[in-house]
Amino acid sequence: MSIEIRNISKTFNGFQALRNVNLKIPTGKLVAILGPSGCGKTTLLRIVAGLETPDPEPDADIVFDDISALASPVNRRRVGFVFQHYALFRQMTVFENIAFGLRVKPWKERPSKREIRKTVAGLLELVQLSRLGDRYPDQLSGGQRQRVALARALAIRPRVLLLDEPFGALDAQVRASLRRWLRHLHDTINVTSIFVTHDQEEALEVADEVVVMNRGNIEQSGHANEVFRHPNSEFVMNFLGEVNIFHGRFEADKAVFDRGQNLGRDAKMLVRPHDFAISRAESSGGIPAEVIRVLTAGAVVKLELVDQQGQILYVHLSHGEYERNPVQVPDQVYLLPRASRIFRNGEDWNGDYVI
Ligand code: ATP
């Protein structure tokens, strides 16, 4: 089932939470909507689910496979919803929770008891909880409860699955393992899914496509790799990971950064911590900085440095790179950006530059 969000706006008491949002999600894709708190992610998801109505613009629509979903009642949309806070029924067992959506179907559509048992058993297996069907929610861990919530959402055989910060309340380790699990699960069931998160790492790891929102607008959407490597705005680059920022000026249509002296405001260079090479030679022309911290525990070596303006800079090196050229506190080094994005008065700029 493909989803098309057409020209959707939403105003709450004069506050515009969504502004003309347009998005196409092809059948079977898992799309992450990413953005800071309050940017409108949940509102958009609730409108797709039918739990909220958009502003009545003439061309506003939510289209499932070429048919307007706005016109169909919520219970006909066949949307599965998983929320951050496990909305499981506490007085029901895991089995009963998963069966709930099937048992409350209108009499004519309701499967037989035998069919319900079979479906729930299949779902318990899918979410790897086969042995826990008789437990109550408060006898489960947070991660297990979210898997039950997912099984319950899948029981009605949704055409679309919507997940609103499903792992937001879990600790980092459980969260990381559940997102990998969700990715595998999605590859098995292939239900078109929208996943809301404010965690960029989670979005980049789980989703086929990433949609970055800011203040009710879509700033950029595309393949996770494309958005990460080619952010189209300073906001997107900043939001998708740590960056070092250098201010500069324009001279004869060239961005000039005066070796990190921050002498202007019109030019901005953003460099990710893993995109620096380090030199010991002043003649390298790099940005001078002093090493103030070296953290070697972890997948990469993390350096903290301070430049001549007192700005703290972050550099990540692979262990191999660090071993070939180890630095320590308080070495003086020169940083050479291997890749960067430059913005001219906020607009992406691809012309010449000198650091
Ligand atoms: P978070 O990550 O914190 O959940 P979000 O991106 O999901 O944030 P939304 O919940 O969609 O953001 O809210 C978008 C904006 O709309 C916020 O400023 C919020 O305060 C406002 N808003 C949401 N629902 C209502 C409501 N029912 N009445 C008034 N304002 C609302």
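Whatever order the structure lists ligands and atoms in, that order sets their numbers, starting from 1.
Through direct or relayed side-chain contacts under 4.5 Å between Ile, Leu, Val, Met, Phe, Trp and Tyr, Tyr314 connects to Ile292, Val306, Ile312.
For Phe95, the ring pair (Phe, Tyr, Trp, His ring centres under 6.0 Å) criterion is met by no residue, not counting sequence neighbours. In this structure, the side chain to side chain contact (heavy atoms under 4.5 Å, CB included) partners of Asn325, at least two apart in sequence or on a different chain, are Ile278, Arg280.
Proximity of a side-chain donor or acceptor of Glu96 to a complementary backbone N or O of Asp134 within less than 3.5 Å is not detected.
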Which pairs of nitrogen or oxygen atoms, taken one from ligand 1 and one from the protein, are under 3.5 angstrom apart?
| residue | atom | partner | partner atom | Å |
| --- | --- | --- | --- | --- |
| ligand 1 | 2 (O) | Lys41 | NZ | 2.8 |
| ligand 1 | 3 (O) | Ser37 | OG | 2.6 |
| ligand 1 | 6 (O) | Gly38 | N | 3.4 |
| ligand 1 | 6 (O) | Cys39 | N | 3.1 |
| ligand 1 | 6 (O) | Gly40 | N | 3.0 |
| ligand 1 | 6 (O) | Lys41 | N | 3.1 |
| ligand 1 | 6 (O) | Lys41 | NZ | 3.0 |
| ligand 1 | 7 (O) | Thr42 | N | 2.9 |
| ligand 1 | 7 (O) | Thr42 | OG1 | 2.8 |
| ligand 1 | 8 (O) | Gly38 | N | 2.8 |
| ligand 1 | 11 (O) | Thr42 | N | 3.4 |
| ligand 1 | 11 (O) | Thr43 | N | 2.9 |
| ligand 1 | 11 (O) | Thr43 | OG1 | 2.5 |
| ligand 1 | 12 (O) | Gly40 | N | 3.4 |

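Expressed to the nearest 0.5 Å, how far OG1 of Thr93 lies from CG of Leu88 amounts to 11.0 Å. Atoms OG and CZ, from Ser340 and Phe257 in turn, are 7.5 Å apart once rounded to the nearest 0.5 Å.
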